[in-house]
Amino acid sequence: MQALVLLLWTGALLGHGSSQNTAGSQEEGSPAPDTTGMPVEEEDPFFKVPVNKLAAAISNFGYDLYRARSSMSPAANVLLSPLSVATALSALSLGAEQRTESTIHRALYYDLISNPDIHGTYKELLASVTAPQKNFKSASRIVFERKLRIKSSFVAPLEKSYGTRPRILIGNPRLDLQEMNSWVQTQMKGKIARSTREVPSGISILLLGVAYFKGQWVTKFDSKKTSLADFHLDEERTVRVPMMSDPKAILRYGLDSDLNCQIAQLPLTGSMSIIFFLPQKVTQNLTMIEESLTSEFIHDIDRELKTIQAVLTIPKLKLNDESEVTKSLQEIKLQSLFDSPDFSKITGKAIKLTQVEHRAGFEWNEDGAGSTSNPGLQPTRLTFPLDYHLNQPFIFVLRDTDTGALLFIGKILDPRGT
Ligand SMILES: *[C@@H]1O[C@H](CO)[C@@H](O)[C@H](O)[C@H]1NC(C)=O
């Protein structure tokens, strides 16, 4: 226990309460107190950069969406790339009149940003997180009911900022499915399997978000050390899964005594990292951790973790998701988009959101850039070796280090993906 005590910090240090309650509430343009040399948390210079500020806003939407999604399937894995859904919504807001536009803006936390050019900044953010070295693909699309006449004043800014064209359904379920599948294949370079789910009838507006990621660790795992090992599904049930291990892993670590969870961060190539949340006892109830997730909290964690050496084991992972997130969105301030929204900037006809779909693929294995860790990292010397075993339910967050954007979030109750 002594080793853990060394690294124990209080919730206050991690910013529980403080930064959470003020999530995104800082005013843009207020002068940074750089004369004191001790900037207060609310005025972290990181969030002064417009693209980082926007990333924090849509990531907070992402955590909301994740919580809604996770509470609907308490006993199942969740894999979600909320960015693709946020992008579709942000793009859709270009066609929304005031009342409807503010509904979307509130859900995406844009009401807390004073940025006159949100859509221009969004374009910058997308270009940054989907740069080739990130290995992250994300695409979004707005699909409209058949025969809808769309104003060109909506199409032009949509293409300019979001690089996407609206799609109008043909009305033939087989052809529409075929077309959707080939769009996904093109966007994801064939990494996501074709869907067999037909486009339901009665669609007015359908949003589709797709994403794919395959992690490349900064330090690769030795595949000779991968073997079948126990994963505790809960207090009673155990399964055997391929588990990678590194007896001398360098990782960033902290024990959160409020959340009773061990947090670790492993770097990936392309300025990305994965942050793991591992409860101190085996449980499928990860609610406490989920409730604490905000962009500001994750940013604080990223600053506070200490570099250490540990015995690390981590299951290989290959997950797919094809699901509707319609109900989850309705739960997070967006119900009115499904009732009687005002999209008169898109068309003269009364249209409304009817369905939101998410498709994603996510994978990590032993692959990585180098076989030895960065010599620049000096681990804190511990009296006792620390073990970090992801052999029970955990949450992971894939974060872009450059912008702070949340790119993927997963609740892993069973790494076999069942
Ligand atoms: C999960 O944990 C939370 C907080 O610890 C608790 O309030 C809730 O009742 C638990 N849920 C279940 C299903 O046990």
Side-chain angles (χ1 to χ4, degrees), residues 57-58 60-62 64-69 72 80-111 118-119 122 138-151 153-155 157-159 161-162 164-171 173 176-177 179-180 183-184 195 197-211 321-360:
I58 60 166
N60 276 327
F61 158 82
D64 288 344
L65 180 63
Y66 165 77
R67 276 184 283 273
R69 179 84 183 71
M72 267 172 224
L80 190 64
S81 178
L83 177 80
S84 64
V85 181
T87 304
L89 277 169
S90 190
L92 184 66
S93 77
L94 285 168
E97 281 297 351
Q98 213 163 24
R99 165 178 61 91
T100 300
E101 186 188 43
S102 12
T103 300
I104 299 176
H105 283 193
R106 268 199 309 276
L108 296 175
Y109 292 87
Y110 290 175
D111 56 333
I118 292 254
H119 302 289
Y122 210 115
S138 178
S140 312
R141 197 179 204 201
I142 309 177
V143 180
F144 293 103
E145 63 189 55
R146 64 192 283 259
K147 292 189 176 160
L148 193 76
R149 294 174 66 93
I150 297 177
K151 296 178 179 174
S153 54
F154 170 67
V155 178
L158 189 67
E159 284 203 74
S161 292
Y162 297 91
T164 180
R165 288 185 62 82
R167 163 81 191 162
I168 297 169
L169 291 173
I170 303 166
D176 281 327
L177 174 65
E179 196 279 337
M180 292 272 244
W183 180 81
V184 171
S195 173
R197 291 163 27 137
E198 277 185 2
V199 182
S201 60
I203 289 293
S204 178
I205 306 174
L206 179 153
L207 302 182
L208 172 62
V210 295
D321 178 72
E322 180 182 340
S323 61
E324 251 194 78
V325 290
T326 315
K327 283 205 179 62
S328 309
L329 278 186
Q330 288 168 338
E331 286 195 354
I332 53 168
K333 310 177 209 165
L334 288 168
Q335 177 63 47
S336 68
L337 299 187
F338 298 84
D339 300 331
S340 54
D342 185 350
F343 286 117
S344 49
K345 283 187 184 167
I346 298 177
T347 182
K349 195 179 170 198
I351 52 172
K352 61 182 180 183
L353 192 54
T354 42
Q355 181 145 333
V356 186
E357 290 182 16
H358 175 256
R359 290 192 210 170

Whether the side chain of Thr347 engages the backbone of Arg149 through a donor-acceptor N/O pair (distance < 3.5 Å, no angle test) should be reported.
yes
Do you know the tightest heavy-atom contact between Ala86 and Tyr122?
C-OH, 3.5 Å
With side chains defined as the heavy atoms from C-beta onward, is the minimum distance between Val143 and Leu169 less than 4.5 Å?
yes
Using side-chain heavy atoms (C-beta onward) and a distance below 4.5 Å, is Thr100 in contact with Ser336?
no
Hey, what do you get for OG (Ser344) to CD1 (Ile351), rounding to the nearest 0.5 Å?
9.5 Å
Quick one: which residue pairs count as a salt bridge (charged side-chain N to carboxylate O under 4.0 Å, His left out) with a foot in residues 322-336, not counting sequence neighbours?
Arg197-Glu322
If every non-hydrogen atom of Ser84 is compared with every non-hydrogen atom of Ala139, which pair is closest and at what distance?
CB-O, 3.9 Å
Aromatic plane relationship, His119 with His105 - under 30° parallel, 30 to 60° tilted, over 60° perpendicular
tilted
If I compare all heavy atoms of Pro341 with all of Arg99, which pair ends up nearest, and what's the gap?
C-NH2, 4.0 Å
Test log, rule side-chain hydrogen bond (donor to acceptor under 3.5 Å, both in side chains), inputs Glu101 and Ser93:
CA-CA 5 Å; Glu101 186 188 43; Ser93 77; 5.2 Å; no
Stepwise side-chain contact (heavy atoms from CB on, under 4.5 Å) test for Leu208 and Val184:
CA-CA 10 Å; Leu208 172 62; Val184 171; 4.1 Å; yes
If only atom types and distance count, is the side chain of Ser140 paired as donor or acceptor with the main-chain N or O of Val85 below 3.5 Å?
no
Result for side-chain contact (heavy atoms from CB on, under 4.5 Å) between Leu94 and one of Leu158, Ile104, Ile346 points to Leu158
Would you say Thr164 and Thr87 make side-chain contact, with heavy atoms under 4.5 Å?
no
Any Arg69 side-chain heavy atom under 4.5 Å of His358 side chain
no
Would you compute the distance between atom CG of Leu206 and atom CD of Glu145 and round it to the nearest 0.5 angstrom?
12.0 Å
Are the side chains of Ile142 and Leu207 in contact, using a 4.5 Å heavy-atom criterion?
yes
Polar side chain donor-acceptor pair, Ser90 to Tyr162, under 3.5 angstrom
yes
Taking all heavy atoms of Ala57 and all of Tyr109, pick out the closest pair and write down the distance.
O-CD1, 3.7 Å
With rounding to the nearest 0.5 Å, note down the distance linking CG in Leu353 to CD in Gln330.
8.0 Å
OG-CZ distance between Ser204 and Arg146, expressed to the nearest 0.5 angstrom
13.5 Å
Holding to side-chain hydrogen bond (donor to acceptor under 3.5 Å, both in side chains), I want the full list of residues that pass it with Thr103, two or more places apart in sequence or in another chain.
none
Student check: side-chain heavy atoms of Trp183 and Arg141 closer than 4.5 Å:
yes
Contact check, side chains of Ser195 and Met180, non-hydrogen atoms, under 4.5 Å:
no
Nearest 0.5 Å, please: how far is CD1 in Ile205 from CZ in Phe338?
9.5 Å
If you define the side chain from C-beta out and look only at heavy atoms, does anything of Leu108 sit under 4.5 Å from Ile118?
no
To the nearest 0.5 Å, tell me how far Ile332 CD1 sits from Leu65 CG.
4.5 Å
List the residues meeting salt bridge (Lys or Arg N to Asp or Glu O under 4.0 Å) with Arg165, not counting sequence neighbours, and say none if there are none.
Glu159
